[in-house]
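Nothing here was measured: the structure is a model prediction, and the numbers come from that model. Throughout, protein chains are lettered first and strands after them, A, B, ... in sequence-line order, and every chain is numbered starting at 1.
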Protein chains: 2
Amino acid sequence: MAMSDSSSLEPDGGNSYLHDDELIRGIEMLFYAYRDFTSDPDEILKTYGFGRAHHRVVHFVGRNPGMTVTELLAILKVTKQSLSRVLSQLVAEGFIAQEKGSRDRRQRLLSLTAKGKILFSELSSPQKARVAKAYREAGAEAVAGYRKVLADLLNAEERAAVLKSVERS
Amino acid sequence: MAMSDSSSLEPDGGNSYLHDDELIRGIEMLFYAYRDFTSDPDEILKTYGFGRAHHRVVHFVGRNPGMTVTELLAILKVTKQSLSRVLSQLVAEGFIAQEKGSRDRRQRLLSLTAKGKILFSELSSPQKARVAKAYREAGAEAVAGYRKVLADLLNAEERAAVLKSVERS
DNA sequence: CAAAAAATGTCAACACTATTGACGCATTTC
DNA sequence: GAAATGCGTCAATAGTGTTGACATTTTTTG
């Protein structure tokens, strides 16, 4: 369709990557990547009778063993009622273990069981392969750029927390 | 936690960005970016009584005026029954117009009405601002890397189509 | 031309994920 | 002791997705 030259005013001083059309492309790329990215785990989840919400819980508990329910809620940004459904299932079916906190006994510290770890592996495997392939094809510099832009896309208030959780190496 | 040397075998010849842990971080970054990225439009959509599905339809129809229902289905990768609900609403409420194809009169060519274009603007505005800010902070090189990696994350079969749709400038 | 295929729509049932609102209980903090 | 926190639960409702079955119109094909 051509068209959509964004604006004729070039408010960015000639940085073509800041043109309206480029920005929209940036939006769409994220949509497409996310769409394809979730497709592999979705297939696997179906065989367990689980959905995407279960995946997210398994993933973040797997990555943050001993985390509390409140912390998980802060990452997922859903209500506790919404989390409750999937978390209860995962606990009932033996994928996730809950342990009372020793310092604060109100807390339920979450961790993966052996069974949960297997599921975690199974789900992350195709995603890791996908990312590895993309990283390999794109090269180290592109990867750095990818990570930088994604970090800058986050809500400012969240950035610190995410970078901490994602970069505790 | 420290550590996370992934495997002790270093199957990547010392390219640290291909370590298991880095791959997992790449996964999580995408989750977080998508989560925050959708939050602005979600707020606006609520005031219209719409959801994310409506947004996607408005977006892609806005970007591809005259597109057919089948093409839209291919982009969204949902069933026609699922699309039907939101598309019908958008048509009924005057955001999207349907016109019989002149070459193939079975087709319903989709386009935004004036009202639809306003909604498109309103929804894309905060997302463009977010991307622009991230692009500006990250710089041109990082942006190129971001786009390259995202493209490489796509399903191979889809890559050509997406790059075509995203890059018809 | 008749049969097959394609593009679209629709009815119905169901599943998953999310929300808001209202409580209840145990435990910790002030 | 009162207030706040962490967690769980019941209930109602909404949004988005699926599968399956059909119907209509129009184009393509043998």
Side-chain angles (χ1 to χ4, degrees), chain A residues 31 34-35 38-39 41-61 66-93 96-111, chain B residues 31 34-35 38-39 41-61 66-93 96-111:
Chain A
F31 163 79
Y34 197 80
R35 180 198 67 177
T38 49
S39 62
D42 281 354
E43 286 305 306
I44 299 167
L45 288 159
K46 270 199 283 190
T47 73
Y48 283 85
F50 289 155
R52 249 179 229 185
H54 300 85
H55 184 188
R56 296 196 279 260
V57 171
V58 166
H59 178 94
F60 287 108
V61 170
M67 81 189 306
T68 68
V69 172
T70 301
E71 286 165 351
L72 184 52
L73 287 174
I75 288 179
L76 300 178
K77 290 206 185 163
V78 296
T79 58
K80 64 179 175 180
Q81 295 91 327
S82 191
L83 172 60
S84 168
R85 201 176 323 117
V86 294
L87 181 54
S88 303
Q89 277 177 31
L90 288 166
V91 169
E93 298 184 29
I96 287 186
Q98 288 174 312
E99 192 189 352
K100 278 195 179 177
S102 53
R103 209 192 58 232
D104 184 336
R105 285 177 5 234
R106 290 171 302 181
Q107 298 178 328
R108 297 289 175 276
L109 308 183
L110 306 172
S111 58
Chain B
F31 164 79
Y34 197 80
R35 180 198 67 176
T38 49
S39 61
D42 280 354
E43 286 305 305
I44 299 167
L45 289 160
K46 268 199 284 189
T47 72
Y48 284 84
F50 290 154
R52 248 178 231 186
H54 301 85
H55 184 188
R56 295 196 279 260
V57 171
V58 167
H59 178 93
F60 286 107
V61 170
M67 80 188 308
T68 67
V69 172
T70 301
E71 286 166 351
L72 184 52
L73 286 173
I75 288 179
L76 301 178
K77 290 207 186 162
V78 297
T79 59
K80 64 179 173 178
Q81 294 93 327
S82 190
L83 172 60
S84 170
R85 203 177 315 127
V86 293
L87 182 53
S88 303
Q89 277 176 32
L90 289 167
V91 170
E93 298 184 28
I96 287 186
Q98 287 175 312
E99 192 190 350
K100 278 197 179 175
S102 53
R103 210 194 58 233
D104 185 335
R105 287 180 2 236
R106 290 171 303 182
Q107 298 178 330
R108 297 290 175 275
L109 307 184
L110 306 172
S111 58

### Summary
Separation of C/dT29 atom C1' from A/R103 atom CZ, nearest Å, is 13 Å
### Task
Any pair with a residue in residues 44-53 of chain B that passes side-chain hydrogen bond (donor to acceptor under 3.5 Å, both in side chains), sequence neighbours left out, goes on the list, sorted by first then second residue, please.
B/T38-B/R52, B/D42-B/R52, B/Y48-B/E122
### Message
In this structure, how many angstroms lie between the P atom of C/dC16 and the CG atom of A/L90, rounded?
### Response
13 Å
### Query
Rounded to whole angstrom units, what separation is found between the CG atom of B/L110 and the C1' atom of C/dT8?
11 Å
### Task
Check whether any side-chain nitrogen or oxygen of B/S82 sits under 4.0 Å from OP1 or OP2 of D/dT16, and answer yes or no.
no
### Contacts of type side chain to side chain contact (heavy atoms under 4.5 Å, CB included), residue B/R105, not counting sequence neighbours
none
#### Entry: ring-ring contact (aromatic ring centres under 6.0 Å, His included) partners for A/H55, two or more places apart
none
### Message
Expected output is a numbered-order residue list: members of residues 42-53 of chain B with a heavy atom under 4.0 Å from any atom of DNA chain D. What is it?
### Response
B/G49, B/G51, B/R52, B/A53
### Task
With sequence neighbours left out, write down each residue that passes ring-ring contact (aromatic ring centres under 6.0 Å, His included) with A/F50, or none if nothing qualifies.
A/H54, A/F95
Return a table of donor-acceptor pairs under 3.5 angstrom between the side chains of residues 67-75 of chain B and protein atoms on other chains or two or more places apart.
residue : atom : partner : partner atom : Å
B/T68   : OG1  : B/E71   : N            : 3.1
B/E71   : OE1  : B/T68   : N            : 3.0

### Query
Could you walk me through whether A/R108 and A/K100 pass the side-chain contact (heavy atoms from CB on, under 4.5 Å) check?
CA-CA 5 Å; A/R108 297 289 175 276; A/K100 278 195 179 177; 3.7 Å; yes
### Task
Kindly assign one of parallel, tilted or perpendicular to the pair A/F31 and B/F60, based on the angle between their ring planes and the thresholds 30° and 60°.
tilted
### Message
Tell me if the side-chain of A/R105 makes a donor-acceptor pair with the base of C/dA26, cut-off 3.5 Å, by modelled atom types.
### Response
no
### Message
Within a 6.0 Å radius of atom CD on A/E99, are there more than 12 heavy atoms belonging to other residues, nucleotides or ligands?
### Response
no
### Query
Does A/H54 put a side-chain nitrogen or oxygen below 4.0 Å from OP1 or OP2 of C/dC16?
no
### Query
Roughly how bent is the helix from C/dC1-D/dG30 to C/dC30-D/dG1 end to end, in steps of 10 degrees, with each end axis from five pairs?
30°
N/O donor-acceptor pairs under 3.5 Å from side chains in residues 78-88 of chain A, not counting sequence neighbours:
residue : atom : partner : partner atom : Å
A/T79   : OG1  : A/S82   : N            : 3.3
A/S88   : OG   : A/S84   : O            : 2.6

## Note on the structure
B/S/- along nucleotides 3-11 of chain D (protein heavy atoms under 4.0 Å) is -BBSBBBB-
### Query
In whole angstrom, what separates B/R85's CZ from C/dA15's P?
15 Å
### Least distance between heavy atoms, A/S111 atom then A/G66 atom
CB-N, 4.3 Å
### Message
Please tell me if B/R56 has a side-chain N or O lying less than 4.0 Å from either OP1 or OP2 of D/dG17.
### Response
yes
### Task
Rounded to the nearest angstrom, tell me the gap between atom NZ in A/K100 and atom C1' in C/dT27.
9 Å
